[in-house]
Amino acid sequence: MSARFGFEILATDGRARRGRMTVAHGDVQTPAFMPVGTRAAVKGITIGQLGDLGADIMLANAYHLHLRPGDQAVAEAGGLHGFTGWTKPILTDSGGFQVFSLAGRRTVNEEGVIFQSHLDGSARALTPESVADIQARLGSDIAMIFDECPAWPVEHGGASSAMERTLRWARRGRDRFEALSAGQVPDVFRPTPGQAQFGIIQGSTFKDLRDQSVKGTVGVGFEAYAIGGLSVGEPSDVMYDIVGHTAEQLPAETPRYLMGAGMPNDLVEAVSRGIDLFDCVLPTRNARNGQLFTRQGAISIKNARYAGDLRPLDEACQCPTCRTHSRAYLRHLFMTGEMSSGILNTVHNLHFYLDTMGRIRKAIEFGIFENFAREFLDGYSRRHPD
Ligand SMILES: [Zn+2]
């Protein structure tokens, strides 16, 4: 097991980068999509199925796992890898986004956040230090700092104070991470010694705040950097503008992670602006709601027109769902509420996202990413033909 974080850029095409990120549990080919397994499980599929889909890395959430089953219990099970049986890389989000979403049930001060557990209402506290400890016990390959993510829209003043607090918390979170890495916190068992830590750039949709956040966060120094606080309701063109503006100021030699985005077209747009890593609940959540992604846009499988449609969901898709079942059957499973509906739909949607990233990587390697992006966006934005 490598204990060193690494990132190698294998090819570039415009601002798009084709790379390989190395973390403690292996390599991640970038640009990469990280399926979201908030509670150490990707909703709708098993860990084995996630591996069969070819995912290089899974995301889990420190906040949720701290509350249940508890990070100490996970540490005693050998960390998330021992606990889940997933042997490849894992990134844990800090839970900042989730805690700040608990409007009315949390109090923020300089020390951290006091909140009521969404499970049993008990009072809990998270600080930049405790979040680093939780993620050390979880044993993820990549830990995210604890940040303050403001809602959107937000005034400049509110975005500024959240960004500045995130910077101060970044310093504290990094100090704690370094103490943990140096073995100076003996009561915290760390199943993954080579854990890396990513900083998070905040500043909402204000470029001057993004600039300050980049400067301060890079000044603290992390293995890599994420762009947070986007994909929270702002228009797509605003998000793309902020992503492009922020990404070009981040160090070229480290991966850039756009948190929480997005639709398939968002992935292509962000790669063209220099983003390497993504996560989003859309492919799994929408699968359970019957919305399925194809190269010609998204379709709703519950639509009556699919009742007698014996074609595969997506003729171009090589996933087990499309190779085995018809639209008529998938609609029937959805309409009758069969458990296999969510499973088959999730397999297809995740395959679509992972396959799209594979096609993006090839296009960058061959130096044809601009063409690929134009064709993809053109096909995806057309109304689905049927
Ligand atoms: Zn498929």
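What you are looking at is a predicted structure, and each value in this text was computed from that prediction instead of being measured. Numbering of ligands and ligand atoms starts at 1, following listing order.
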Is the closest basic N to carboxylate O distance between Glu111 and Arg172 below 4.0 Å? yes
Measuring from the Zn ion (ligand 1), count protein N/O/S atoms under 2.8 Å, please. 4
Answer whether the closest heavy-atom distance between the side chains of Met34 and Val28 falls below 4.5 Å.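 Of all side-chain heavy-atom pairs linking Val28 with Met34, none is under 4.5 Å.
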Side-chain contact test, heavy atoms from C-beta onward, threshold under 4.5 Å: evaluate it for Cys317 versus Phe352 and give yes or no. no
With sequence neighbours left out, which residue pairs that include part of residues 188-219 fulfil the ring-ring contact (aromatic ring centres under 6.0 Å, His included) condition?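 For residues 188-219, and leaving out neighbouring residues, the ring-ring contact (aromatic ring centres under 6.0 Å, His included) pairs sorted by first residue read Phe5-Phe198, His156-Phe206.
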Going by chain and number, the hydrophobic cluster around Leu310 (ILVMFWY, side chain to side chain under 4.5 Å) further includes none
Validation: residues 262-270 side-chain donor-acceptor distances under 3.5 Å, sequence neighbours left out:
residue : atom : partner : partner atom : Å
Asp266  : OD1  : Tyr240  : OH           : 2.5
Asp266  : OD2  : Met263  : N            : 2.9
Glu269  : OE1  : Arg273  : NH1          : 2.9

